[in-house]
Amino acid sequence: MAFGKGCHLHLIDGSAFIFRAFHALPPLTRKSDGLPIGAVAGFCNMLDRYVENNSGPDAATHVAVIFDKGSITFRNELFDAYKANRSEMPEDLRPQIPLTREATKAFNIACEEMQGWEADDIIATLSCRARDAGGRVTIVSSDKDLMQLVGDGVEMLDPMKNIRIDVDGVRQKFGVDPDRVVDVQALAGDSVDNVPGAPGIGIKTASQLIEEYGSLEELLDRAGEIKQPKRRQILLEHRAQIELSKRLVQLDCDTPLDFGLDDLEIRDADPEVLLDFLNRMEFRTLTRKIADRFDREPPALPEAAPQTGVPAAEAEAPIDHGAYEVVRDAVALQVWLDRIAAAGSVAVDTETTSLDEMQAELVGISLATEPGVACYVPLAHRAGGGDLFDTDALAEGQMPMERALEMLRPMLEDPAILKIGQNMKYDFKILARLGIEVAPIDDTMLLSYAQHGGLHGHGMDVLADRYLNHQCIPIKDLIGTGKLKVTFDRVTIDKAAPYAAEDADVTLRLWRLLKPRLHSARVTQVYETLERPLVPVLARMEMAGVKVDRDVLSRMSGAFAQKMAEFEADIHAKAGRPFNVGSPKQLGEILFDELGLPGGKKGKTGAYGTGADVLEDLATEHELPRLILDWRQISKLKSTYTDNLQTHINPETGRVHTSYSIAGANTGRLASSDPNLQNIPIRSEEGRRIREAFVAPEGRVLVALDYSQIELRILAHVAGIEELKQAFREGQDIHAITASQMFGVPLDEMTPDVRRQAKAINFGVIYGISGFGLARNLRIPREEAQAFIDTYFARFPGIRDYMDATVKFAKANDRVETLFGRRIHTPEINAKGPGAGFAKRAAINAPIQGTAADVIRRAMVRMEAAIAGIDARMLLQVHDELLFEVAEDQAERLMAVAREVMEGAHMPVVDLSVPLVVDAGQGTTWAQAH
DNA sequence: CCTGTCACG
DNA sequence: GACGTACGTGACAGGG
């Protein structure tokens with residue numbers, strides 16, 4: 001049928017489909033070879049939905065998907081910066097582009113593109129021709145650049161919101177009729193495509209002007225008549241730029257095409273071809289759906305590549321709690337051990353009485369060898385029904401703990417059998433306390449962290465929900481919460497088994513899903529060198545613990561209590577009445593309502609802010625704020641440190657055992673908790689004394705080694721700032737050098753204050769500096785701070801380049817990377833609103849903080865072997881510092897060896913152009929060691 | 001359970 | 001054109 005009256009042409013904006021599909025879906029990969037395939041999957045789903053819905057009076061008789069081809073078009077000849085600020089195409093998307101063309105053809109839909117023209121021009125040309133031939137046109141896109149084409153039987157369809165955009169719709173968006181849209185765009189410009197327009201004029205103003213003058217040409221000719229002086233001036237001055245902008249936004253209706261409208265007539269897909277394509281892409285669900293529609297059998301899946309050998313998770317049986325076995329005797333356990341030996345790998349999970357691995361008692365172990373094939377081995381459940389009649393006696397039907405562990409030990413320590421866990425450090429410690437050293441291991445939490453750090457949490461519940469679409473049994477269903485909470489040994493075996501075995505089953509399924517993807521995500525090295533080997537290292541550090549002198553803390557607590565009481569009396573007297581000093585709400589009312597001090601600012605909750613910076617400013621007005629600050633400092637030290645730390649001294653070891661989370665911090669840093677030993681005071685003299693309670697036992701000393709300025713060194717390296725690198729090579733004072741370079745002050749005339757300001761800027765740069773932030777930090781006017789920053793960037797333009805490049809990379813790839821290849825995702829980077837600022841600064845900071853974190857991780861992994869011949873133990877990590885305990889007479893040797901490991905930790909993977917320098921100290925307390 | 005505050009790198 | 005902003009953590013107290 002020749003195209004004409006009664007025909008309806010649908011033109012699909014292919015690029016818009018692709019980008020929408022890419023950003024809407026998680027980074028799916030083809031199972032057999034890891035090829036990124038998410039955008040193709042989304043694209044096919046969208047095409048399929050389109051085909052399905054194409055019926056009824058509006059149905060198309062002709063259809064085409066139109067793509068861009070190449071990035072250089074005739075518009076670049078007009079204006080070479082056109083679309084110059086476009087982010088680069090994400091690397092995961094690039095290989096998918098040709099596949100979307102193939103997909104279109106597989107659906108038997110016309111697929112058109114022209115070198116040198118944008119898809120929009122082809123769409124414009126086809127629209128014009130179809131309209132001229134008397135037919136209707138629907139442009140399937142929400143791109144506002146296409147709105148100029150609407151009218152005379154041409155409409156747009158926003159495929160996501162499923163709303164049609166006609167002439168009225170365009171008027172709503174642009175305030176003018178479609179034929180004047182280009183005039184408005186020419187004035188308003190477009191930051192996305194880098195169309196300049198008229199500076200300071202947006203869509204609102206532009207449409208007003210065009211409404212008033214009728215057209216752009218008329219407006220420019222009569223620009224002298226405009227009343228507002230500024231506006232008049234802009235239009236007169238930028239006339240050429242505005243005219244150029246119009247030519248850039250004006251779509252070309254005369255694109256030379258090597259096909260005609262008749263070639264676009266709708267055709268049914270060939271089931272053979274379409275199913276073959278979908279099958280090659282390994283889209284199971286869609287293949288099945290379409291096969292059903294054609295009433296055919298779905299074709300057999302292609303052979304999976306041998307290195308993975310893993311069936312698709314979605315094809316696996318759903319989780320069935322009834323299928324799990326409870327292992328109650330040696331015969332049954334031996335069957336499982338044989339099964340595990342044959343499989344070569346096993347998922348393991350321990351159930352215990354506590355989250356504190358140093359106090360927890362083993363209650364049972366679950367194992368899984370294949371999806372759905374899992375068991376629970378109860379070992380220490382108590383008798384009774386989980387009710388009032390509980391006793392301490394063991395429940396019936398459990399293997400003796402000793403016997404079970406003796407059977408399990410060879411398997412758990414067998415170098416030929418991989419033990420898979422979720423947060424393996426926990427299970428490693430539990431079993432280590434029972435004399436079993438689990439190895440080798442894999443950890444699904446860390447597999448997820450290495451691949452998806454920054455995208456979501458890595459707890460089992462999150463992972464199961466996200467990757468297996470399964471909701472795990474919540475632990476509180478078994479042990480309850482709050483006052484009624486019981487320990488796991490009080491849970492009956494029949495209730496415990498489904499929960500426990502499920503954990504092993506889920507862990508195994510996650511492993512089969514996540515492990516093969518390591519390589520295609522290019523984080524194998526990250527996982528193998530920075531995550532997995534850290535598990536036993538951290539486990540041993542945590543088990544070692546650090547000796548804390550309770551008496552020292554307790555004496556300090558007493559002294560602090562007395563001091564606080566004195567402050568409180570004074571504070572109440574100066575406030576005029578007693579109140580709770582620890583309540584910011586009450587304090588705010590006293591300061592700002594009752595005493596009438598100036599500068600009271602209420603936050604979003606309606607409460608006055610009483611932070612240290614606010615009180616600091618008020619200290620010149622009144623005596624009270626200073627007293628509050630002093631009281632707060634003591635109160636913090638007492639509650640968080642001298643009081644709380646005592647409760648963390650393990651009664652058996654007399655030491656404090658922190659817990660490090662490996663996958664907690666987005667940047668690759670560790671986090672310490674229960675207690676947090678990474679924030680023990682040091683900056684204030686009062687607080688520093690807390691460190692006197694961290695001691696070495698008799699005959700031993702503490703040694704502290706810390707990287708000097710590691711983040712600034714990394715910044716100097718990645719940004720390639722020659723002056724800073726030189727300064728580091730020569731061991732100079734980096735902040736003084738910065739100050740000298742910025743302000744032109746010779747080093748020997750440097751004042752502490754100028755140096756202090758340069759130091760603040762140096763740190764600010766690492767954090768993604770802003771005038772506001774620096775101003776607040778230095779307590780100087782914002783303009784002054786901005787001037788400092790401008791001077792800094794003028795002096796070190798490489799830093800600005802680095803920052804811009806980092807943000808650009810993040811925007812294109814939704815992630816940044818450390819020098820060691822750690823990927824830190826930045827999902828908010830392309831968001832709009834205030835969140836964008838945060839994401840930008842975080843993206844600038846992450847490669848620097850993350851690279852430093854990688855360096856010390858590498859040092860820690862190598863440390864154990866390096867100090868094997870020394871009577872020493874690594875105890876703590878504080879981001880850029882390692883704390884050791886060592887026999888007194890071997891301290892010097894340890895310092896030399898450990899320093900060498902730390903200073904060379906980046907080699908050989910990364911060769912820094914600045915040296916890493918480690919400072920060392922020793923003493924009988926942590927305070928002295930610093 | 002959330003917010004404000006403050007300890008660290 | 002205004003808004004709101006230094007990066008990363010964890011613990012405690014107060015207050016619904």
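First the proteins, then the strands, lettered A, B, ... as listed; each starts at 1. Nothing here was measured: the structure is a model prediction, and the numbers come from that model.
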Which is true for [X] with a 4.0 Å heavy-atom rule: it touches a base, it touches only sugar-phosphate, or it touches nothing?
{"X": "A:D880", "result": "sugar-phosphate"}
{"X": "A:E881", "result": "nothing"}
{"X": "A:A846", "result": "nothing"}
{"X": "A:N644", "result": "sugar-phosphate"}

Phosphate OP1/OP2 of [N]: any [X] side-chain N/O under 4.0 Å:
{"X": "A:R841", "N": "C:dA6", "value": "no"}
{"X": "A:T667", "N": "C:dT9", "value": "no"}
{"X": "A:R669", "N": "C:dG8", "value": "no"}
{"X": "A:N845", "N": "C:dA6", "value": "no"}
{"X": "A:N580", "N": "C:dG14", "value": "yes"}
{"X": "A:S684", "N": "B:dA7", "value": "no"}
{"X": "A:Q586", "N": "C:dG15", "value": "yes"}
{"X": "A:R782", "N": "C:dT5", "value": "no"}

Rounding to a whole Å, what distance do you find between [X]:[atom1] and [N]:[atom2]?
{"X": "A:N666", "N": "C:dG10", "atom1": "CG", "atom2": "P", "value": "11 Å"}
{"X": "A:F838", "N": "C:dC7", "atom1": "CZ", "atom2": "P", "value": "6 Å"}
{"X": "A:L715", "N": "C:dA6", "atom1": "CG", "atom2": "C1'", "value": "15 Å"}
{"X": "A:K585", "N": "B:dC2", "atom1": "NZ", "atom2": "C1'", "value": "15 Å"}
{"X": "A:Q877", "N": "B:dC8", "atom1": "CD", "atom2": "P", "value": "17 Å"}
{"X": "A:L615", "N": "B:dC6", "atom1": "CG", "atom2": "C1'", "value": "12 Å"}
{"X": "A:Q786", "N": "C:dT5", "atom1": "CD", "atom2": "P", "value": "17 Å"}
{"X": "A:L876", "N": "B:dC8", "atom1": "CG", "atom2": "C1'", "value": "13 Å"}

In whole Å, what separates the [atom1] atom of [N] from that of [M]?
{"N": "C:dA2", "M": "B:dC6", "atom1": "P", "value": "32 Å"}
{"N": "B:dT5", "M": "C:dT5", "atom1": "P", "value": "14 Å"}
{"N": "B:dG4", "M": "C:dA6", "atom1": "P", "value": "13 Å"}

TODO: Start with the C-alpha distance between A:F567 and A:W631, add both sets of side-chain angles, then the distance that settles ring pair (Phe, Tyr, Trp, His ring centres under 6.0 Å), and finish with yes or no.
DONE: CA-CA 6 Å; A:F567 276 130; A:W631 179 90; 8.7 Å; no

Task: Side-chain donor or acceptor of A:T658 paired with backbone N/O of A:P675 under 3.5 Å - done: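 Such a contact is found between A:T658 side chain and A:P675 backbone.
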
Task: Side-chain donor/acceptor of A:H717 to backbone N/O of A:R713, under 3.5 Å - done: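 Answer holds: no.
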
Task: Counterpart base for B:dC2, defined by Watson-Crick or G-U wobble contacts under 3.5 Å - done: C:dG14

Open item on the list: Please name the nucleotide paired to C:dC7 by Watson-Crick or G-U wobble geometry with both distances under 3.5 Å, or report none.
Closed with: B:dG9

Task: cation_pi(A:R841, A:F838) dist<6.0 Å, angle<=45 - done: yes

Nearest to side-chain heavy atoms of [X], which nucleotide of [options]:
{"X": "A:N679", "options": "B:dC8, C:dT5, B:dC6", "answer": "B:dC8"}
{"X": "A:Y641", "options": "B:dG9, C:dG10, B:dA7", "answer": "B:dA7"}
{"X": "A:R691", "options": "B:dC8, C:dC7, B:dG4", "answer": "B:dC8"}
{"X": "A:N777", "options": "B:dC6, C:dA6, C:dT9", "answer": "C:dA6"}
{"X": "A:S583", "options": "C:dG15, C:dA6, C:dG8", "answer": "C:dG15"}
{"X": "A:R632", "options": "B:dA7, B:dC6, C:dG8", "answer": "B:dC6"}
{"X": "A:R683", "options": "C:dA6, B:dC8, B:dT5", "answer": "B:dC8"}
{"X": "A:I682", "options": "B:dT5, B:dC8, C:dG14", "answer": "B:dC8"}

Task: Electrostatic pair A:E616-A:R779, nearest N-O below 4.0 angstrom - done: no

TODO: Kindly state whether the ring of A:F788 and the ring of A:Y792 have centres lying under 6.0 angstrom apart.
DONE: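 A:F788 vs A:Y792: aromatic centres not under 6.0 Å.
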
Task: Closest-nucleotide ordering on DNA chain C, the 5'-leading residue of A:G664 and A:G768 - done: A:G768

Task: A:F592 and A:Y608 aromatic ring geometry - parallel, tilted or perpendicular at 30°/60° bounds - done: tilted

